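Quick caveat: nothing in here was measured; it's all calculated off a predicted structure.
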Protein chains: 4
Amino acid sequence: MARTTEPNGTPVPQRLLAAATRLFAERGYDRTSVQEIVEAAGVTKGALYHYFGSKDDLLHEVYARVLRVQQERLDAFADADAPVEQRLRDAAADVVVTTIENLDDASIFFRSMHHLGPEKDKQVRAERRRYHERFRALVEEGQRSGVFSEATPADLVVDYHFGSVHHLSTWYRPNGPLTPQQVADHLADLLLRALRP
Amino acid sequence: MARTTEPNGTPVPQRLLAAATRLFAERGYDRTSVQEIVEAAGVTKGALYHYFGSKDDLLHEVYARVLRVQQERLDAFADADAPVEQRLRDAAADVVVTTIENLDDASIFFRSMHHLGPEKDKQVRAERRRYHERFRALVEEGQRSGVFSEATPADLVVDYHFGSVHHLSTWYRPNGPLTPQQVADHLADLLLRALRP
Amino acid sequence: MARTTEPNGTPVPQRLLAAATRLFAERGYDRTSVQEIVEAAGVTKGALYHYFGSKDDLLHEVYARVLRVQQERLDAFADADAPVEQRLRDAAADVVVTTIENLDDASIFFRSMHHLGPEKDKQVRAERRRYHERFRALVEEGQRSGVFSEATPADLVVDYHFGSVHHLSTWYRPNGPLTPQQVADHLADLLLRALRP
Amino acid sequence: MARTTEPNGTPVPQRLLAAATRLFAERGYDRTSVQEIVEAAGVTKGALYHYFGSKDDLLHEVYARVLRVQQERLDAFADADAPVEQRLRDAAADVVVTTIENLDDASIFFRSMHHLGPEKDKQVRAERRRYHERFRALVEEGQRSGVFSEATPADLVVDYHFGSVHHLSTWYRPNGPLTPQQVADHLADLLLRALRP
DNA sequence: GATGAATGAGACTTCATTCAT
DNA sequence: AATGAATGAAGTCTCATTCAT
């Protein structure tokens, strides 16, 4: 019987998602046509609309995947059994490494968020907020226990760090002088140094 | 009908530029139609193309304006007669205040840069590079003279700070709890604290 | 409203080509809008661009059709088993009849050739050149064997005759006093008389 | 006081007409914008509309100029004091030379005629008809006096010759192997040979 | 499960012409 | 005599989506 996999072996929906991710990151959501996506995935338009309700859905799937991964990782680091300065450092460094390793996802996430419709936008914002708050809780924990300075509101500290994470997709190049881990160590170091009392 | 600026005394090119700036920031470059721009400016499409060669030109004008202002301000602060830590702090805080005061310009700048054609893109990148290097020179100066830690490469420090500046358009709201100056002081403070030896 | 061919059995691409041929001949390429073509064919613009890459493509299709037909007919007459003066006369007369019977194609061909893009232009010129050379070879054959005068270069003789063929679309009217065949006989006669030694 | 001549010395209307002639011949009437014409002439749009009522008027002026010149020359040759075969040959050769020397005018004339509005079109056709009839009268005169064959209707003979004249703008190149006079002699020769009894 | 022809709205841009100066 | 800002209609083309098969 007819299978949903082509020569490639990968199921069609995943092939479409991979093609869309790459193209959205390369040219942006609006500059990528459905035709280009299906051509890159080696299927036809009918197939895309069989699996996804709209072009918008593809974007939302990318977001959902990124959010799920990042939240899981943050939770794991934040719940670890270690001093708060260690847990914050690990979480701060990990989000950098993960972002670099999925730079396409990150480009899309930080550049195309305003393309979502109202209800999906609300949903994504809620998940982002949850992520932000978990991270902020770490900062506040350290501030309460005296290992971090209280000079700066915790909210602002979180935004300071995530600003640098967003910015990665602007300047990081895989063939640059620093490995993802080195960049992560430096950025986490900067954060921790700024928080020294 | 939807005229925001009526046929008042403002010259047409400036009315168009103002309308485009607001709309590009609100909906993004691709989601803003030329029709919407001319309606907001209260003129016809023909008038727009009388003054600007293309929609792309409007975007480039916004960039040029932002770049000019920011470079001038950075030069002034960097060339001041004060200790390097003071000059870096002032420059770091000023770019935050200026960015908040022109948040529309900033949104466009950091989100729509990839819409420029090749030659304009090259030009903008060159000016951005110049800005980056002037800022980096301040960091390096402090590192050489021993007032800043050399733990982190100066390039990375610059990107760390500018990440937070880019990020402002994502989270800053005029009616939030902090004034632009307060945000600027906090962010400059974080930078300087991170650079303590 | 203005449908000339209703949703009958003819395939859409052929309906579009027929409508374009008629309109290009009537008003010229530039004065014919895509909107007029699709209305005459009873389809929408999207359908046109589904089958043809551009308005220019439609023109090229008309050319390709004319060139193919004319070349086939010339080859048949030129390769026939008859004296050279008979073969030239037959070929010269046939191109007149065929041109009159497809006067729309001819008008377009001789008046709109300069609207083609560079690569298509090159292709059309190459095929025209092949046609010209086949015809010239007939003249030269007769000149070598002494049945035609060598007073005029063969190239010029060919252009002389084809000038009159191009010109047909300027003056020939279907309800005029001469049938296509009579015109053809006269023009072929003039050519052969001019070539008498 | 202000004169209507620029650095150039040539009056503005003539500069406009010369620029329009060149551009119409190069790109065709529809592909030439008023903006291009005024730029080529070194004036502004206001100036063009000061001297000419419309873009269409420019085209008509080109036609009028060509028609006047050709008619004058034909009349001179036809009324000369010489045998009819000499007068026809001279007229036939002269129109070739004159056409080659004004190939731009000819290209426009033979390719853009359908761009004229109804009333100007009627006017041009009337003058063309007068020209055609004067030429035909020469042929008929020779036929009546027995120096030309009566095998072909005189109308058709005229169209045969003028077909080759129209065609010149398609194939003649100034740097080709034949001078204008040589081409003219060959084409007149072909005509006269075709008319031999 | 998947096709691809067809839709129809809307995108950017060009252009001949007018008019106040 | 000449300017050039502004108009407004029309132009070509793109695209997400639908639907009969």
Side-chain angles (χ1 to χ4, degrees), chain A residues 1-6 11-13 16 29-38 42-58, chain B residues 7 11-13 16 29-38 41-58, chain C residues 7 11-13 16 29-38 41-58, chain D residues 1-6 11-13 16 29-38 42-58:
Chain A
M1 99 194 67
R3 302 277 259 87
T4 167
T5 56
E6 295 290 331
V12 167
L16 283 165
Y29 179 79
D30 280 318
R31 315 284 254 232
T32 304
S33 75
V34 168
Q35 187 58 42
E36 287 169 328
I37 296 169
V38 299
V43 300
T44 60
K45 275 197 265 209
L48 187 152
Y49 283 95
H50 183 73
Y51 291 110
F52 298 93
S54 67
K55 185 187 172 187
D56 199 82
D57 271 9
L58 280 167
Chain B
V12 168
L16 283 164
Y29 179 79
D30 279 321
R31 312 288 254 230
T32 303
S33 75
V34 168
Q35 187 59 42
E36 288 169 328
I37 296 170
V38 299
V43 299
T44 60
K45 274 192 272 209
L48 187 153
Y49 283 95
H50 182 68
Y51 291 106
F52 300 92
S54 66
K55 186 185 171 187
D56 199 83
D57 268 12
L58 279 168
Chain C
V12 168
L16 284 164
Y29 179 79
D30 280 321
R31 313 286 254 231
T32 303
S33 76
V34 167
Q35 188 58 43
E36 289 169 326
I37 297 169
V38 299
V43 300
T44 61
K45 271 191 277 207
L48 186 153
Y49 282 96
H50 182 68
Y51 291 106
F52 300 92
S54 65
K55 187 185 170 187
D56 198 84
D57 268 11
L58 279 169
Chain D
M1 100 192 68
R3 301 278 257 84
T4 166
T5 57
E6 297 288 330
V12 167
L16 282 165
Y29 178 80
D30 281 316
R31 315 284 254 231
T32 303
S33 74
V34 168
Q35 187 59 42
E36 288 169 327
I37 296 169
V38 299
V43 299
T44 61
K45 277 198 264 210
L48 186 150
Y49 281 95
H50 182 72
Y51 292 109
F52 299 91
S54 67
K55 186 185 171 189
D56 199 82
D57 271 10
L58 280 167

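Across all non-hydrogen atoms, the minimal contact from C:Ile37 to C:Leu16 is CG2-O, 4.1 Å. Taking both residues in full, the closest heavy atoms of D:Glu36 and D:Thr32 are given as OE1-CA, 3.4 Å, listed atom of the first, atom of the second, then distance.
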Using Watson-Crick and G-U wobble pairs with both distances under 3.5 Å, what is the 5'-to-3' dot-bracket string of DNA chain E, with [ ] for crossing pairs and | for pairs outside the strand? .||||||||||||||||||||
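Protein atom CD1 of A:Ile37 is 11 Å distant from nucleotide atom P of F:dC15, rounded to whole Å. In this structure, B:Tyr51 places its OH atom 12 Å from C1' of F:dT7, rounding to the nearest Å.
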Reading nucleotides 13-21 of chain E 5' to 3', which nucleotides get B (base under 4.0 Å from a protein heavy atom), which S (sugar-phosphate only), which -? BBSSBB---
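Here B:Asp30 pairs with A:Asp30, A:Arg31, B:His115 under the side chain to side chain contact (heavy atoms under 4.5 Å, CB included) rule; sequence neighbours left out. Applying the side chain to side chain contact (heavy atoms under 4.5 Å, CB included) rule to B:Asp57 yields the partners B:Phe52, B:Ser54, B:Lys120; only residues at least two apart in sequence or on another chain are considered. In this structure, B:Lys55 has no side-chain hydrogen bond (donor to acceptor under 3.5 Å, both in side chains) partners at least two apart in sequence or on a different chain. Partners of A:Thr44 according to the side chain to side chain contact (heavy atoms under 4.5 Å, CB included) rule, which considers only residues two or more places apart in sequence or in another chain, are A:Ala47.
Looking at heavy atoms from C-beta onward, D:Tyr29 lies out of side-chain contact with D:Leu58 at the 4.5 angstrom threshold.
Checked against F:dT3, E:dA5, E:dG8, the side chain of C:His50 finds its nearest nucleotide in E:dA5.
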